[in-house]
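Below is one structure; the comments refer to it alone.
Just so it is clear, the values below take in all heavy atoms, side chains as well, and ignore hydrogens, waters and symmetry mates. Chain letters run A, B, ... following the sequence lines, proteins first, then strands; residues in each count from 1.
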Number of protein chains: 2
Amino acid sequence: MELTIASWNVNSIRARLSHVLTWLDDRKPDVLLLQETKVENGLFPREPFEERGMHVLASGQKALNGVAVVSRHHPELLGETLSSGFLADQRRVLRVRIMGITLMDVYVPNGGDTSGERFADKLRFLEELAREAGLSSQERYMLMAGDFNVAPGEDDVTDAKVMDGRLCFHPEERTRFESILRTGLTDLFRAFNPDGKAYSWWDYREGSFRRNAGMRLDHILVSPALAAAARSCTIDREPRSWDRPSDHAPVSAVFELPAME
Amino acid sequence: MELTIASWNVNSIRARLSHVLTWLDDRKPDVLLLQETKVENGLFPREPFEERGMHVLASGQKALNGVAVVSRHHPELLGETLSSGFLADQRRVLRVRIMGITLMDVYVPNGGDTSGERFADKLRFLEELAREAGLSSQERYMLMAGDFNVAPGEDDVTDAKVMDGRLCFHPEERTRFESILRTGLTDLFRAFNPDGKAYSWWDYREGSFRRNAGMRLDHILVSPALAAAARSCTIDREPRSWDRPSDHAPVSAVFELPAME
DNA sequence: GCGCACTGCG
DNA sequence: CGCAGTGCGC
């Protein structure tokens, strides 16, 4: 059976609802992992998704952060925090099981600037993700996706020399992202696109999208069995061109899996 | 020659620009008096009006109040305050001369509630308008229009008994509105519609427009010679039904005048 | 209920 | 630049 799993930092699900529904109706992913929903669970707009036959699991808070899983198949909730409990007061993680796949929806802290406590928290959060991936390494089908706020490679920014040391392309961040991959996960977009610059985020300011001055911050990382089952991984720039868009574009992967319960 | 003069409290010209342009293109008034433009002069969107061959005179401030005159013919600026200077720090008055007609665009203070200093200011402002009308009583063609924040008669509210004493239908306000008319001005809408309930404002809350629970707060008052020249005076409820409307509807009057310089 | 201002965040 | 939040005016 074919399964499409997508990830999208929507920068407010309420502000972006029409975009998300339009995209959902067009692309029809089986699972959509959302980040920066920026809404408490009680105010999450569940109905339009449920009308489309999708389940919704939301873990949100006021104004900041917030993640959610929209899924055609029933999702089993595994947890709403890192298993260490780090930054548990911020809604940045949703762990679910869908159709025998363990999924982790993550929104890594932006970090503020490369000095200071919030950057330290970001690095620690990335370390925790590596640990988390290690804990799940016995799982056959494991997927960790979301907004990592790290551009891992030189082709994930416009100019590596200029960007070197800057937020989201700092060696300390890239090293920690590498550690996540070293647990055995595959950066699926890069696996399908081994070279060539590609971005998933463009700043709202300075006409960044028009100039295609972006970064690849949104990733789908998968276990070896899922990597083998993957048929494609793409970034859909179209919604970024719509009126009042999210600053992030959705990333999607298609898998061909043996039929599961 | 025929001349159409309209008045509209737009509740932010920037938020309502598309509505105002759509209405302008459809109804093509010669003069449009705006209230609650809520924008400083430098940020007033002049271009779309000028592209349509209209002149713009704006007298605005940040966030609150603000009046403007949009006119097919060149307007001569007479003043931006009451001649007494009362409440001169608030942009609520624009006095202009267009085609030999003296026009006064007014936005009367809402008053807050019927106790307190702001209500006293509202009453005083209405008294000043009567004085102002008296000062202009020698003018052959004089028009005073805008948002008076007073429903003068029992047919200008849904239920006079229920509304009696409430803001915008308080005896003290209605008396002062009467004083304005007693200088010789005619309430043109009432002249053409001597009976029957009609409103120009509906609260955004509680589905007031759907229930037609409104008040007639926006008026076109004219000197005897203009009253004699008037051919119609109407309230256009249509824009109030549009998406994200102003809470006020435009009021228009058509005059048949001898050709003037 | 719907504007505006301001501030924090990214 | 564009989301939130809060406070205020109408």
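Atom-to-atom, CG of Asp113(B) to C1' of dG9(D) comes out at 12 Å; the value is rounded to the nearest Å. What separates CD of Glu36(B) from P of dC2(C) is a distance of 15 Å, to the nearest Å. Rounded to whole Å, atom P of dC2(C) lies 18 Å from atom CG of Asn110(B). The distance between atom OH of Tyr107(B) and atom C1' of dG3(C), rounded to the nearest whole Å, is 11 Å. Rounding to whole angstrom units, CD of residue Gln61(A) and P of dG5(D) are separated by 11 Å. Look at NE2 on His19(B): it is 13 Å from C1' on dG3(C), rounded to the nearest Å. Between Leu17(B) atom CG and dC4(C) atom C1' there is a gap of 17 Å when expressed in whole angstrom units. One can place CZ of Arg92(A) at 12 Å from P of dC9(C), the figure rounded to the nearest angstrom.
Comparing dG1(C), dG3(C), dA4(D) against the side chain of Arg244(B) picks out dG3(C) as the nearest. Considering only side-chain atoms of Ala63(B), the nucleotide from dC4(C), dG1(C), dG5(D) that sits closest is dC4(C). Of all nucleotides listed (dG2(D), dG1(C), dG3(C)), dG2(D) comes nearest to the side chain of Tyr204(A).
When heavy atoms are screened at a 4.0 angstrom cut-off, Phe209(B) is found touching no nucleic acid atom at all. Residue Arg210(A) is classed as having no contact, given no heavy-atom separation below 4.0 Å to the nucleic acid.
Of the two residues near DNA chain D, Asp147(B) and Pro245(A), the one whose nearest nucleotide lies more 5' is Pro245(A). Residue order along DNA chain C, read from the 5' end via each residue's closest nucleotide, puts Arg16(B) first among Arg16(B) and Lys62(B). Toward the 5' end of DNA chain D, the nearer of the two residues Ile13(A) and Asp203(A), judged by each one's closest nucleotide, is Asp203(A).
Ion pairing between Asp203(B) and Arg205(B) holds under the 4.0 Å rule for side-chain N and carboxylate O. Using a cutoff of 4.0 Å between basic side-chain nitrogens and carboxylate oxygens, Glu127(B) and Arg131(B) are not scored as salt-bridged.
Other residues, nucleotides and ligands place more than 12 heavy atoms under 6.0 Å from the CD atom of Glu238(B).
In this structure, Lys38(A) does not reach the dC9(C) phosphate: none of its side-chain N or O atoms is under 4.0 Å from OP1 or OP2. Distances shorter than 4.0 Å separate none of the side-chain N or O atoms of Arg14(A) from OP1 or OP2 on dC3(D).
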Asp236(B) and Arg27(B): CA distance, side-chain angles, deciding distance, salt bridge (Lys or Arg N to Asp or Glu O under 4.0 Å) verdict: CA-CA 10 Å; Asp236(B) 186 357; Arg27(B) 308 304 168 114; 2.9 Å; yes
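In this structure, Phe119(B) and Glu173(B) approach most closely via the heavy-atom pair CE1-OE2, 3.2 Å.
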